[in-house]
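Just below is one structure, and these are the notes that go with it.
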Amino acid sequence: MEFANNDAKVDVVLSDMYVGGKLLARVQAERRFLAIQKLKTTSNQQQDESLDDDESTGDFVDHSTDRRQLLKTKKSKNKRILTLQPQVDGDYVVSEKNVLSSKSAEDVEILTASAHFSQYALYIYFDIFDAALHDFDLPEGCQTFVRDCNDLLNHHNDSFRLTRMGCEHAHLCYANFSNGIAATPYAILVDEMKETVVITVRGTNSLEDWVIDLQYVPLPLDECGSVCGFDGEGHYCHKGVLTRAKWMYNDMKENRVLKMLYSNDSRYNAYNLVVVGHSLGGGCATVLSLMLRPNFPNLKCFAFEPPGCIFDEKMAGKCNDFIVSFVRHDDVVPRVTQPNLELLRDEFFDVLARIRVPKIQAFRDIRSPILNDSNLAQRNSKVLCRRHEIERDTTFYEQVRKFRTERAAKNQTGDVSVKLYIPGRIIHLVDTSGDETTYIPYWASRYEFNQVVLSNTMLSDHSMLCLPDILHKLDLDNIHEVNTFHKSESNEEENEDPHFLKFMLCSFPNGRLPSLLVVSSLMACVFSLLSNSVCKYFKRESTLHYPNSTVVPGFNLSAGLYSYTLKQCKDNNCYEDNPRDLEDSKYCQPYPLAIVPDAYWKSARVFGAISLILGLFGLAFVSLATCTKMKKSRWKAACMIFLVGTLCQGLQFLLVQSNLCNKMPILGREDVAKAECSLAKGAFLSIAAMLLLFLNAIGCVCMFKIK
């Protein structure tokens, strides 16, 4: 990997990488926010000037100063969107882009086709292999699925349809599941619904795939072009991807499946050819399409989230006629190029050099939530100095200077200086809601992806699992409002940060309140446990009622949920059957089998146990909240846990309605014990636990209100 091939070394440890990465993400967010504010100011000034012109002519026009309204107006009329395009110097340029429109037949056709064929880019990961293994009798250990020539052209053979995936309209013709440095799994299918032959290529899913991903050094296309029949002179391609594409091209020539499918005797010879793939598979699909197109002029390729370094600029532009690439929001893979990684590394070193506080303080600062983007500059200034204030006489800065000098020299020589881009036309799917439910597709420029965006979704946006559903659910007629830049104040509380930060002991990313909740939760759990286990929950005063209506004083004792207090003599001269001669001892005794708890008593025991369990869950949550950032929804869930725990702790007082505090028939005897109960230590502990649990619920409400 050329990016890591350096003689000069910089002393950076894992904690530096964590702190530097988090602070760099905040610096990027601050730049975007400042660019947005500048854009809003410019827009408002233009609206004010327009308003003055309207007033001078006597016409009244309602000009909203809200940026969301401005975007809504521009889009509803012109179907365009304003985007921020990052520059090499870290600044942003505002670009106006075309949103895909339902009024454009080409846009609708591309989205419909891509949504349909995207399922094959997903199925090649696991489902097609499972179908070949279990449904099509692929021998165990065999890596190649090949159908007989006569069987392949049999119009009525339904044995190889992809029924397992719900694609009865498609059947498998050939698949090679070999995976190595050159070999990559791919399959050839026939989609009878769309009358299309589909080649689907698997993306990164093994160590060998990662090795290929990292081989992004540009390789000339001259020889490949002369063999395949396209003009590759002076053009370059991702080395690893080109290696994989050549292997697939040669394998297809050897198995001759495409040749048979498009032979004169085949019913499929008039079918279109579509090549699809995701991630590394998307990159391989684009290069394979370039190699096959001389023989299949009508070929189309859909590359889903491909690497950002496939072809040089001119070749990437030449592919506009037959390749459409899709990039989902902040997906990191389409932004991984040599220059982008160089820029990211240089900015990372700059941020490390700008840290003006001890590392532990920087740890705590990045763990504390930022409730409003307007606070970014202030928070960053507390931790980072300005660039011109960086101390240049340190060992670290000298190491960085030597490293950059070496890298600059290497980047100016050889093929490394050739910049590679995403091929074809590019559709960027912008997540406008922040919850992966609403996306706006627009035609993007390949120059928009010249910076790695450090965001909460940079990895999850690369997942292929939900991409087919996203494409299917895109509604071009229902695009009303896009806010690409900034969350309005009215929606700030609703749009929470979806990122769940990594664990860091006692870093207090949610502020100091969770630490107080930990103490109160711990006390509530202790009080709840004691109230369940003590044998002095109530003081019980009883009388014995005999069948002959005789009433005599009974034994007064302290009773709990599961045990009672043993009695002892007050002095040596006592009569054990006389209650006046006895007093409570310090020992507890489980209830004898003769005493049978009723429903109220059992319910009190159950609710007491539930309250203790919920209290422990709440304690675990607030303890975790002192170490990692929590979402608003999780605080709501914790609030419900504490409220239900409070209710259950209160329902423990159902014991008052039980036979323990009322009539209690004694097993094997005709007399009945009647009793009245008053509060004792266990009851007071239960009340204290109930109050603490309720206070914790209020504390959780405060946390999600703050967030």
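Between Phe129 and Phe145, the distance separating the two ring centers is not shorter than 6.0 angstrom. Taking the centre of each ring, His116 and His169 come in below the 6.0 Å mark.
The two residues Pro185 and Asn179 come nearest to each other via the heavy atoms CD-ND2, 3.9 Å. Nearest approach of Ile212 to Val241, heavy atoms of both residues: CG2-N, 4.1 Å. Scanning all heavy atoms of the two residues, the minimum distance from Tyr125 to Ser279 falls at OH-CB, 4.1 Å. Shown here for Phe326 and Pro306, the closest heavy-atom pair between the two residues is O-CD, 3.7 Å. The two residues Ile124 and Ala187 come nearest to each other via the heavy atoms CD1-CB, 3.8 Å. Ala121 and Phe304 make their closest contact through CB-CD1, 4.0 Å (heavy atoms, listed as atom of the first residue, atom of the second, distance).
Take Ala25 and apply the side chain to side chain contact (heavy atoms under 4.5 Å, CB included) test, not counting sequence neighbours, and it matches Leu454. Evaluation of the side chain to side chain donor-acceptor pair (under 3.5 Å) rule for Glu106 yields Arg425 as partners, not counting sequence neighbours.
In this structure, the side chain of Asn340 engages the main chain of Arg335 through a donor-acceptor pair within 3.5 Å. Under the 3.5 Å distance criterion, the side-chain polar atoms of His428 are matched with a main-chain donor or acceptor of His329. A donor-acceptor pair under 3.5 Å is absent between the side-chain atoms of His235 and the main chain of Leu221, judged by distance alone. Looking at Asp107, its side chain never comes within 3.5 Å of a backbone N or O of Ser104 through a donor-acceptor pair. In this structure, Ser325 contributes its side chain and Pro423 its backbone to a donor-acceptor pair below 3.5 Å. Remark: side-chain polar atoms of Ser266 are not paired, donor with acceptor, to backbone N or O of Ser263 under 3.5 angstrom. Although no hydrogens or angles enter the test, the distance criterion places a donor-acceptor pair under 3.5 Å between the side chain of Thr243 and the main chain of Lys239. With Ser463 contributing its side chain and Leu465 its backbone, the two residues share a donor-acceptor pair below 3.5 Å. No side-chain donor-acceptor contact under 3.5 Å links Asp251 to the backbone of Trp247.
Residues Tyr262 and Leu273 have side chains in contact (heavy-atom distance under 4.5 Å, counting atoms from C-beta outward). Put simply, the side chain of Lys22 does not reach to within 4.5 Å of the side chain of Arg26, judged on heavy atoms.
In this pair, Trp635 and Phe621 present their aromatic rings perpendicular. The plane angle is above 60°, beyond the 30 to 60° band. Classified by interplanar angle (parallel below 30°, tilted 30° to 60°, perpendicular above 60°), the ring pair Tyr174/Tyr186 is tilted. Ring pair Tyr268/His171 is tilted by interplanar angle, where 30° to 60° counts as tilted.
No more than 12 heavy-atom neighbours from other residues, nucleotides or ligands sit within 6.0 angstrom of CZ on Phe617.
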Donor-acceptor pairs are to be reported for all side-chain atoms of residues 283-301 against protein atoms at under 3.5 Å, with residues two or more places apart or in another chain.
residue : atom : partner : partner atom : Å
Thr286  : OG1  : Gly283  : O            : 2.6
Ser289  : OG   : Ala285  : O            : 2.6
Lys300  : NZ   : Asp321  : O            : 3.1

Using residues 131-143 as the side-chain source, report each donor-acceptor pair under 3.5 Å to any protein atom, sequence neighbours left out, with the distance given to one decimal.
residue : atom : partner : partner atom : Å
His134  : ND1  : Asp130  : O            : 3.0
Asp135  : OD1  : Arg164  : NH2          : 3.1
Asp135  : OD2  : Arg164  : NE           : 3.0

List the steps and the verdict of side chain to side chain donor-acceptor pair (under 3.5 Å) for Gln215 and His238. CA-CA 7 Å; Gln215 293 180 3; His238 185 296; over 6 Å; no

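Of the inter-residue distances, the one linking Leu280 atom CG with Asn205 atom CG reads 10.5 Å to the nearest 0.5 angstrom. The structure places CD1 of Ile440 at 13.0 Å from CD1 of Ile427, a figure rounded to the nearest 0.5 Å.
Judged as a salt bridge (charged side-chain N to carboxylate O under 4.0 Å, His left out), the pairs with a partner in residues 446-462 (not counting sequence neighbours) are, in order, Lys97-Glu448, Arg328-Asp461. Applying the salt bridge (charged side-chain N to carboxylate O under 4.0 Å, His left out) rule to pairs touching residues 206-235 yields Arg202-Asp209, Asp209-Arg244, sequence neighbours excluded.
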